[in-house]
Protein chains: 2
Amino acid sequence: MPLSELHIAVRLLPIPRVWLTTHMPSPTRTLSTAEERREDVLSTAIGAFASRGYFGTTTVDVAKRAGISQAYLYRLFPDKESLFAAVVERSFERIRDSISKAAASTEGTSPEVVLSSMASAYAMLIRDQDLLLVQIHAQCAAVSVPEVRRAVRSGYARLVEYVRSVSGGSEEQVQQFFARGALCNLVVTMGAEDLDTPWATTLAAGLRH
Amino acid sequence: MPLSELHIAVRLLPIPRVWLTTHMPSPTRTLSTAEERREDVLSTAIGAFASRGYFGTTTVDVAKRAGISQAYLYRLFPDKESLFAAVVERSFERIRDSISKAAASTEGTSPEVVLSSMASAYAMLIRDQDLLLVQIHAQCAAVSVPEVRRAVRSGYARLVEYVRSVSGGSEEQVQQFFARGALCNLVVTMGAEDLDTPWATTLAAGLRH
DNA sequence: CAGGAGAGTGGTTGATCACTCACTCCGGTG
DNA sequence: CACCGGAGTGAGTGATCAACCACTCTCCTG
């Protein structure tokens, strides 16, 4: 077995164990638990999927960003589809957390104030673009990837019901909230806020307070 | 040269020339001009890119739908990027054509009427989903594909200025028009209009007249 | 009818994809 | 200390990708 021998020979070389991740789980432990790793992957994968989308992002890239091998990525998640769906769910949670904080700070006021507060919280949140881009990429992938479709629908379901209940706004007000949110997404993806043309300023007017 | 001989032998078989495309350019001509072919490709490619987006759609698929070889696709367009950008420009034109017809039918009335007419024209237009999906996929690809970014920006530039001039509406009204358009896109991609849940009906309320 | 320009294709290339397998290493337990 | 389960990986797999090239076929013109 020359191949096997070669393999052993290579393995016997003193390869230093290098941790590419900045995460140091606990002083008494050099290995992470699978659950900790999954969390790492989920948070770093957002950046990967944000820049190139579901189809354009490779699992090698995701693994590299998380500081693990691609092989181990497939022990943490069954396939690319589930991985992306998990990332999408995760980013919906982040959005809900963010606007719920804004809602809490205006508790007991009018629907208009609560909605406006949540709207600017959202506008601030997506300034780093990662969350936003994953959102839109998910919207695209939802059409042809069943698991993603499921994640997007349940994400918006929760979001709409949350906004409705916490703001106490009317149907029209809630709808308007999401319409402006969608416009916000459009403006950011085009980079229209950095443009100084009439059409761009018209679209971006007042979206950021 | 056994390979060459095989090639010739295969070529000598009486292969009937089958036109997979429905386009019959002229009775006195069995070949299309390159320009006609480009048009064919552009219109069939919309369907291809709509379902899987820029990264997920293969050039083989695009060629197959147009009824030509993948090799010839690369004679008609320099690369995949330019091809997709051309498809995006094309779909922006279709949108502009559609809403301009609606605007023409309400000429001389108030901005509100013109905008409302254009809005429902847009809502009707994207019912086949292809135009809409290419639009959103383009929005995604715009982030990482320069040529697509250019196409999307110039598309919206023209669109915004056209809506502004033809409707005579205020900044807020024009912005509102595009906000509702973006919401419309979101609703359709999720298939929310077919859902009978409170959150879905809230988002989709009144978008289609 | 000769021949050249343009239409159109088969076959290939090197890279890269998602995914798998056989394997090693580490930490804790009896 | 023996050993076992889980963390983690190197080296692939076949498939598929965008892009390219050498080539044939069709049509028009002189």
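- No side-chain donor-acceptor contact under 3.5 Å links A/Thr58 and A/Asp61.
- Relative to the side chain of B/Gln70, the nucleotides D/dG8, D/dA22, D/dA18 differ in distance, and D/dA18 lies closest.
- Within residues 54-63 of chain A, the residues having any heavy atom closer than 4.0 Å to DNA chain C are, in order of number, A/Thr57, A/Thr58, A/Thr59.
- For residues 77-88 of chain B, proximity to DNA chain D is found at B/Asp79, B/Lys80, defined as any non-hydrogen atom under 4.0 angstrom from a strand atom.
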I would like to know whether B/Arg38 and B/Val41 meet side-chain contact (heavy atoms from CB on, under 4.5 Å); could you show each step before the answer?
-> CA-CA 5 Å; B/Arg38 240 185 298 265; B/Val41 170; 5.7 Å; no

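- The nearest whole Å value for the distance from the NZ atom in A/Lys64 to the P atom in D/dG8 is 19 Å.
- Residue pairs satisfying the salt bridge (Lys or Arg N to Asp or Glu O under 4.0 Å) criterion with at least one member in residues 185-201 of chain B, sequence neighbours excluded, are listed as follows: B/Glu193-B/Arg208.
- In plain terms, the two heavy atoms of A/Phe92 and A/Ala151 that are nearest each other are CE1-O, 4.1 Å.
- Following rounding to the nearest Å, A/Leu73 (CG) and D/dG10 (C1') show an atom-to-atom distance of 16 Å.
- A/Glu89 pairs in a side-chain hydrogen bond (donor to acceptor under 3.5 Å, both in side chains) with only one of the listed residues (A/Arg150, A/Arg158, A/Arg94), which is A/Arg150.
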Identify each donor-acceptor pair in which a side-chain atom of residues 127-141 of chain B lies under 3.5 Å from a protein atom, sequence neighbours left out, and give them as a table.
residue	atom	partner	partner atom	Å
B/Asp128	OD1	B/Asp130	N	3.4
B/His137	NE2	B/Ala50	O	3.3
B/Gln139	OE1	A/Thr189	OG1	3.3

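- A parallel orientation is assigned to the rings of B/Phe49 and B/Tyr54, their planes being inclined by less than 30° (bins at 30° and 60°).
- For the helix from C/dC1-D/dG30 to C/dG30-D/dC1, the axis fitted to the five pairs at one end and the axis fitted to the five pairs at the other end meet at an angle of 10° (nearest 10 degrees).
- Shown here are the ring-ring contact (aromatic ring centres under 6.0 Å, His included) partners of A/Phe177, two or more places apart in sequence or in another chain: there are none.
- Of the listed nucleotides (C/dA7, D/dT9, D/dC20), D/dC20 has the atom at the smallest distance from the side chain of B/Ala71.
- When each of B/Arg164, B/Gln175, B/Glu161, B/Glu172 is checked for a side-chain hydrogen bond (donor to acceptor under 3.5 Å, both in side chains) with A/Thr202, only B/Arg164 meets the rule.
- Across every non-hydrogen atom of B/Val166 and B/Val114, the tightest pair is O-CG1, 4.1 Å.
- Note: CZ (A/Arg52) to P (C/dT16) measures 12 Å, nearest angstrom.
- For C/dG8, the OP1/OP2 oxygens have a side-chain nitrogen or oxygen of B/Arg37 closer than 4.0 Å.
- Atom pair A/Ile68:CD1 and D/dG6:P shows a separation of 18 Å (rounding to whole Å applied).
- The distance from atom CG of B/Leu76 to atom P of D/dA18 is 16 Å, rounded to the nearest whole Å.
- Distance, B/Tyr72 OH to D/dA22 P: 19 Å, rounded to whole Å.
- Between the side chain of B/Ser167 and the main chain of B/Val163, a donor-acceptor pair closer than 3.5 Å is present.
- An OP1 or OP2 oxygen of D/dC20 is reached within less than 4.0 angstrom by no side-chain nitrogen or oxygen of B/Tyr74.
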